[in-house]
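In what follows, a structure is listed as structure tokens, so that the remarks can point back to it.
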Number of protein chains: 2
Amino acid sequence: MTLPRQHSERHAEKLVRREKIESKNFKNIIRDMGMKVTDQRLLILEALTAGRAHVTAQEVFEVVVEKDASIGFATVYRFLRKLTESGFVNEVRMGGLAARYEMSSQVHHDHLTCTHCGKICEFENHDIEKLQESVAKQFGYQLTGHVLELYGLCRDCQKKST
Amino acid sequence: MTLPRQHSERHAEKLVRREKIESKNFKNIIRDMGMKVTDQRLLILEALTAGRAHVTAQEVFEVVVEKDASIGFATVYRFLRKLTESGFVNEVRMGGLAARYEMSSQVHHDHLTCTHCGKICEFENHDIEKLQESVAKQFGYQLTGHVLELYGLCRDCQKKST
DNA sequence: ATTGATATTGATAATTATTCTCAATTAGTA
DNA sequence: TACTAATTGAGAATAATTATCAATATCAAT
Ligand SMILES: [Mn+2]
Ligand SMILES: [Mn+2]
Ligand SMILES: [Zn+2]
Ligand SMILES: [Zn+2]
């Protein structure tokens, strides 16, 4: 079973990762994961930090293949999985659709998605996070992660649909 | 894009559905959806209400195929989709795994899942729901649904893993 | 720099969950 | 009962992701 976003994790670790990502010290990110530095991996990290957030594996591939026409699909999937496992990237899933990825450089947040046009807003609500902890505690669970996705119609799509 | 659980929907409608499900008036449920009553559909509804909640399409199929060895896989998927669209059933997704289904007879709730053994607890937290509404409003969205899945280690699995 | 053990890669096959297609069958109604 | 449109089951198709494996590249030790 895939673990979503780690929650109870030490804050310090997060900060170190964030710094590495923001300084674009990609080589060290890769070495941190105990992996070898390759051009493919550097390109994937570049694509993830440069382009917009919430991209699919397919989209990452399309960006990377421009720079290295011979890169394989499997390499992208493989590395995205590793990045997710190490917490440098987080995986966002909505409905049964393809997973989307974003660098974890930013602070934790959840998503509010327009069901009509797909526009995504990021938000962070401390009260909700707190309440989640308390729910888990009530049931004797040790909370390790959560998925909170809100769905609705954005302002533009509300207008159009009337 | 698949809509999750409808939220803003009229309460009365929900109550009517709930009554039909609880009275096991399966034929009327099917007619309500503007569909023809077939043995297959009745069996699927039976399986959904009788067995435990949070079953996969596969699991529904396995139950139903006992009573009607000739039923097709597609029939189960097809009808589950219709039931979901009509709101009689709701679809729960965790990670990239197969969708799970449960009758919507019960009141709205979210899920707390053990990442180790898969045990699912249902909970309902009015404060969280309220906060979700307010987040959506802040962004100008009209909230239509949400997915809230908490992940953690249940008491038993905490013991085992030490 | 050269070497060599080991990790990584890309092509492609395999898997998994789900949907689609279509000819045969059936339900609801006149 | 007879008609028509909806439904069915088998299997093909699709889509996302993972596994396999021989060829290649990395990096630590020389
Ligand atoms: Mn985001
Ligand atoms: Mn439930
Ligand atoms: Zn929109
Ligand atoms: Zn457990």
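Lettering follows sequence order; numbering is per chain, from 1.
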Pairing partner of D:dT30, by Watson-Crick or G-U wobble and under 3.5 Å for both distances, is C:dA1

Nearest of [options] to any side-chain atom of [X]?
{"X": "B:Ile71", "options": "C:dT8, D:dG9, D:dT8", "result": "D:dG9"}
{"X": "A:Ala74", "options": "C:dT18, D:dT7, C:dT12", "result": "C:dT12"}
{"X": "A:Thr75", "options": "D:dT17, C:dG10, D:dG9", "result": "C:dG10"}
{"X": "B:Lys36", "options": "D:dT7, C:dT8, C:dG10", "result": "D:dT7"}
{"X": "A:Asp68", "options": "D:dT8, D:dG11, C:dG10", "result": "C:dG10"}

Taking all heavy atoms of B:Tyr151 and all of B:Leu112, pick out the closest pair and write down the distance.
N-CD1, 4.5 Å

What's the shortest heavy-atom distance between A:Thr75 and A:Gln40, and which atoms?
CG2-CB, 4.0 Å

Do the side-chain N or O atoms of [X] get closer than 4.0 angstrom to the phosphate oxygens (OP1, OP2) of [N]?
{"X": "B:Arg93", "N": "C:dT18", "result": "yes"}
{"X": "A:Thr38", "N": "C:dT9", "result": "yes"}
{"X": "A:Arg81", "N": "D:dT17", "result": "no"}

Between [atom2] on [N] and [atom1] on [X], what's the gap in Å once rounded to a whole number?
{"X": "B:Leu97", "N": "C:dT15", "atom1": "CG", "atom2": "C1'", "result": "14 Å"}
{"X": "B:Arg31", "N": "C:dG28", "atom1": "CZ", "atom2": "C1'", "result": "10 Å"}
{"X": "B:Phe73", "N": "C:dA17", "atom1": "CZ", "atom2": "P", "result": "9 Å"}
{"X": "A:Gln40", "N": "D:dT24", "atom1": "CD", "atom2": "C1'", "result": "10 Å"}
{"X": "B:Phe79", "N": "C:dT19", "atom1": "CZ", "atom2": "P", "result": "15 Å"}
{"X": "B:Ile44", "N": "D:dT8", "atom1": "CD1", "atom2": "P", "result": "7 Å"}
{"X": "A:Tyr77", "N": "C:dT9", "atom1": "OH", "atom2": "P", "result": "16 Å"}
{"X": "B:Ile30", "N": "D:dT8", "atom1": "CD1", "atom2": "P", "result": "9 Å"}

Are A:His108 and A:His146, when compared by the centres of their aromatic rings, separated by less than 6.0 Å?
yes

Pick base, sugar-phosphate or nothing for B:Thr56, based on heavy-atom distances below 4.0 Å to the nucleic acid.
nothing

Using a heavy-atom cut-off of 4.0 Å across all strands, would you classify B:Arg41 as base, sugar-phosphate, or nothing?
sugar-phosphate

Identify whether the distance between the nearest side-chain nitrogen and carboxylate oxygen of A:Glu59 and A:Arg100 falls below 4.0 Å.
yes

Parallel, tilted or perpendicular: which describes the rings of B:His111 and B:His109, with under 30° parallel and over 60° perpendicular?
perpendicular

